S.K.: 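Have a look at the structure that comes next, please.
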Amino acid sequence: MPQGEYAAALKAGKKDIQTRAAAGLPTELPALDAILENVEIRGEVPLGLIDIPTDLIVGTKTVSRTTSFAPNFMPILDEGSEFSMKWNSLCNAHLQEGIRDPIKVYEYLNKYYVLEGNKRVSVLKYFDATSIPAYATRIIPAWKDTREIKIYYEFLDFYNETNINYLEFTREGSYRKLSHLTGHKANDRWSMDDRIDFRSCYNFFSDAFEELGGRKLSCTTGDAFLIYLGLFGYESVKKETTADFRKNLKKLWEEIELNFSTAEPEEKIDLKLDPTPDAKKGLISQILTASPSSVRAVTRIAFIHTKTTDTSSWTYSHELGRMYVNDIFHGEVETTSYENNADDADALAAIEQAIADGNTIIFTTTPVFLTASIKAAINHPEVKILNCSLNTSHKYIRTYYARMFEAKLLNGVLAGIMTDTNRIGYIADYPITSVPATINAFAIGVKMINPKAQIFLEWSTATENRGVDLTEKLYNMGATYISHLDMIVPQHATRAYGLYRVNGETPVNLAFPVLDWGKYYERIIRNIRHGTWNTESKSDTKKALSYFWGMSSGVVDVVWSPAIPAETRNLLETLKRSITRYDFNPFAGVLHSQEGTVQSDPQHRMSTSEIIAIDWLADNVNGYIPSIRDLIPEAQNVVRQEGIRREDDSE
């Protein structure tokens, strides 16, 4: 029996080498000594006797042993050699009583390299053993500002809290996010029960993931598990069996594939900058295709909000859009508002209730509800669900947002003209996708007119500003012109919105951006009712679809005060027409951030995808982009869904 096993193992080893050679990959087993030749080491830490995952044993310690094994640790020396006899002997021992003697390994970057026991590893890998007892020594590299090292240092912190060594992630922040999703705070020690529950849950998931072909994806099992946990919740996931995981993973598979595609962001997301034109029908065609039942058909549409119109300008603006939809589609649609949903669970319950109430189109109006929207869409493919967020790679829903940076650029130009102190205030809310671009567009607008002016940035959601009158704070810093909210709450009327002048008394408004959600929703609904929705997203593509409309679509505008001089107004209107025609891009040419030059080519124009991804501040901005720890709890929930710095998304 063992002799036959060696022949099979030898065949597997040679096949691995041939496959890797054909793919242009290294054909030798990695040797740690060679890997560390030019690596600065911070130190070594003995880990004692631990179980190590066989999947993470990837090489040998010394170069001399690399000639005996293929990269998959299968043997490559001929049958009848002394090596093959020893391998067969170990194989026989494993089949009779199991290999129990620990091996000796070095761990580096969460991978293991064998010092003693290479043949034991080969035999156990051949028989698909999941783990091997080993005396391990950890080699810690010196800190470097690289993705690989940063992820490894996050793993070290996670290991100190959990003693878990079988999880691999490919993205920064994943270990912290996992701790958050499992209900643990930073530096919390996991109990033995915590580790047992998690291992059991992870093993069930891993089995299902591998059965469905997870090894072929460009992500680790840990990466996929993190997405799964984020959607279904740890308490629910702990109760699932392999069959449950398999069923849900089949629904979620395209989501995982898209999320971890190696394509560039613009290749993952079909970004629609303008509405798709309606398909035109002739009058005779319309008469012939119309039927009494189709004319009477009423589309039920739900809007899911996180707050109420009394407490949130954001909710109020979307509710104005909903009321506009009722008027413009009178008798054709019926809308319902589901307000005051505090968290993801409330949002999911509201979506489920909306579906039960017969709504076939659902708008969830905040990024906080992204996870709930995806989960509901997976379970209800017959319902069209759209989430008000941006640049998220999700196949099962569509997202929508507006190019507010266009309007903010114009406000910046006006502020640069009007300032009498060269100090201009800017109050932002959430450090999420596209917000830095909006701040920078304002700053660029100021700099176009007034290179000496400086912008002083404050965040209304920062913990340090809780209860602070930011208008007064900025005025005391010398800012007499301030950019703030784009919308107000009627019950809490204020003049502190848009671009306004302060002089110690009542603010005087000069301009404010307008985001017409009514027109936005009208066009999306028309596309759905006319069938354009189906032609916008091709069935043979796995791209997510995101609407990102701006001035060219008529959904974004700026309202000017009559007090603005006519000459200034003409300049602003000329620039607005140029933006609307896509003739002017504020992020073209040489650009400077607080840290230095971020774009040196005077001919380069940032694409919309590049603008969305901006995570820096212009050099004439005094301020910073806060991390999640600097924000109030409500803001932290928003940032976890759409934060621009994903490595900060979990505490």
Side-chain angles (χ1 to χ4, degrees), residues 158 161-162 164 167 169 171 173-186 188 190-191 193-209 214 219 221-256 259 304 306 338 341-356 362 364 366-381 385 387 389 392 394-397 628 633-634 636-643 646 649-651:
F158 181 76
E161 297 163 6
T162 65
I164 290 175
L167 278 173
F169 293 114
R171 292 178 177 172
S174 294
Y175 287 103
R176 291 197 297 272
K177 188 172 184 179
L178 176 67
S179 293
H180 173 74
L181 290 175
T182 54
H184 295 88
K185 295 182 179 180
D188 275 358
W190 288 31
S191 68
D193 287 342
D194 289 336
R195 295 197 294 270
I196 291 173
D197 288 346
F198 182 83
R199 184 62 188 256
S200 174
C201 177
Y202 181 79
N203 283 348
F204 281 134
F205 176 87
S206 182
D207 289 344
F209 186 65
C219 67
T221 305
D223 289 331
F225 189 53
L226 201 59
I227 291 179
Y228 196 96
L229 280 182
L231 285 175
F232 296 101
Y234 186 49
E235 292 305 314
S236 173
V237 168
K238 283 196 296 186
K239 302 171 185 176
E240 294 187 16
T241 64
T242 299
D244 295 325
F245 282 121
R246 190 185 303 112
K247 180 181 70 174
N248 289 330
L249 271 171
K250 285 180 179 178
K251 298 178 183 177
L252 191 61
W253 202 255
E254 285 189 2
E255 178 76 8
I256 296 172
N259 204 283
I304 314 295
T306 185
Y338 298 77
N341 298 285
D343 55 27
D344 204 57
D346 288 347
L348 185 58
I351 296 171
E352 292 290 348
Q353 184 60 55
I355 294 172
I362 297 175
T364 57
T366 169
V368 175
F369 296 161
L370 178 63
T371 297
S373 301
I374 297 170
K375 186 174 181 180
I378 290 171
N379 292 324
H380 300 280
I385 299 178
N387 177 254
S389 60
T392 50
H394 300 291
K395 176 69 174 176
Y396 301 98
I397 65 170
I628 193 169
E634 174 193 331
Q636 291 181 9
N637 292 333
V638 178
V639 171
R640 285 193 181 98
Q641 291 293 351
E642 206 176 350
R646 295 305 174 96
D649 281 1
S650 297
E651 296 175 285

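Since the structure is predicted, the reported quantities are computational estimates derived from the model, not experimental observations.
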S.K.: Could you tell me which non-hydrogen atom of Asn387 sits nearest to which non-hydrogen atom of Pro367, and how far apart they are?
M.R.: OD1-CA, 3.9 Å
S.K.: For the OG atom of Ser206 and the CG atom of Leu167, what is their distance to the nearest 0.5 Å?
M.R.: 10.0 Å
S.K.: Using the test ring pair (Phe, Tyr, Trp, His ring centres under 6.0 Å), find all partners of Trp190 that sit at least two apart in sequence or belong to another chain.
M.R.: Phe158, His184, Phe198
S.K.: Which distance, rounded to the nearest 0.5 Å, do you find between the CD1 of Ile351 and the CG of Asp346?
M.R.: 11.0 Å
S.K.: Would you kindly say whether Thr306 and Thr366 are connected by a side-chain donor-acceptor distance under 3.5 Å?
M.R.: no
S.K.: Name all pairs fulfilling the salt bridge (Lys or Arg N to Asp or Glu O under 4.0 Å) condition that reach into residues 196-209, sequence neighbours left out, sorted by first residue then second.
M.R.: none
S.K.: Would you check if there is a donor-acceptor pair between the side chains of Tyr228 and Glu240 at a distance under 3.5 Å?
M.R.: yes
S.K.: Does Leu252 form a side chain to side chain contact (heavy atoms under 4.5 Å, CB included) with Phe232? I'd like the steps, not just the answer.
M.R.: CA-CA 11 Å; Leu252 191 61; Phe232 296 101; 4.2 Å; yes
S.K.: Atom CD1 in Ile256, atom CD1 in Ile227: separation rounded to 0.5 Å?
M.R.: 5.5 Å
S.K.: Show the nearest heavy-atom pair for residues Lys375 and Leu348, with the distance to one decimal.
M.R.: CD-CD2, 3.8 Å
S.K.: Listed by chain and number, what are the side-chain contact (heavy atoms from CB on, under 4.5 Å) partners of Ala243, not counting sequence neighbours?
M.R.: Thr241, Arg246
S.K.: Can you name the nearest heavy-atom pair linking Tyr396 to Ala377, along with the distance?
M.R.: O-CB, 3.5 Å
S.K.: Between CZ of Arg176 and CD1 of Ile628, what distance do you get to the nearest 0.5 Å?
M.R.: 10.0 Å
S.K.: Can you list the steps and then say if Ile397 with Leu370 is a side chain to side chain contact (heavy atoms under 4.5 Å, CB included)?
M.R.: CA-CA 9 Å; Ile397 65 170; Leu370 178 63; 3.5 Å; yes
S.K.: If we only count heavy atoms from C-beta on, is the Asn341 to Thr364 side-chain gap below 4.5 Å?
M.R.: no
S.K.: Would you compute the distance between atom CG of Asn248 and atom CH2 of Trp253 and round it to the nearest 0.5 angstrom?
M.R.: 13.0 Å
S.K.: Under the rule for side-chain contact (heavy atoms from CB on, under 4.5 Å), what residues qualify as partners of Leu181, not counting sequence neighbours?
M.R.: Lys177, Leu226, Leu229
S.K.: How long is the gap from OG1 on Thr162 to CG on Asp188, to the nearest 0.5 Å?
M.R.: 11.5 Å
S.K.: Do Asp194 and Ser191 meet the criterion of a side-chain donor-acceptor pair at a distance under 3.5 Å?
M.R.: yes
S.K.: When you compare the side chain of Phe245 with that of Val237, does any pair of heavy atoms fall below 4.5 Å?
M.R.: yes
S.K.: How about Lys238: does its NZ atom have over 12 heavy atoms from other parts shown lying under 6.0 Å from it?
M.R.: yes
S.K.: So, using ring pair (Phe, Tyr, Trp, His ring centres under 6.0 Å) as the criterion, who are the partners of Tyr202 when residues are at least two apart?
M.R.: Tyr166, Phe225
S.K.: Indicate the atoms forming the closest heavy-atom contact of Ser179 with Thr182, along with that distance.
M.R.: O-OG1, 3.0 Å
S.K.: Return the orientation label for the Phe205 and Phe209 ring planes: parallel under 30°, perpendicular over 60°, tilted otherwise.
M.R.: parallel
S.K.: What residues form a side-chain contact (heavy atoms from CB on, under 4.5 Å) with Ala354, not counting sequence neighbours?
M.R.: Ala302, Ile304, Tyr338, Asn359, Ile362
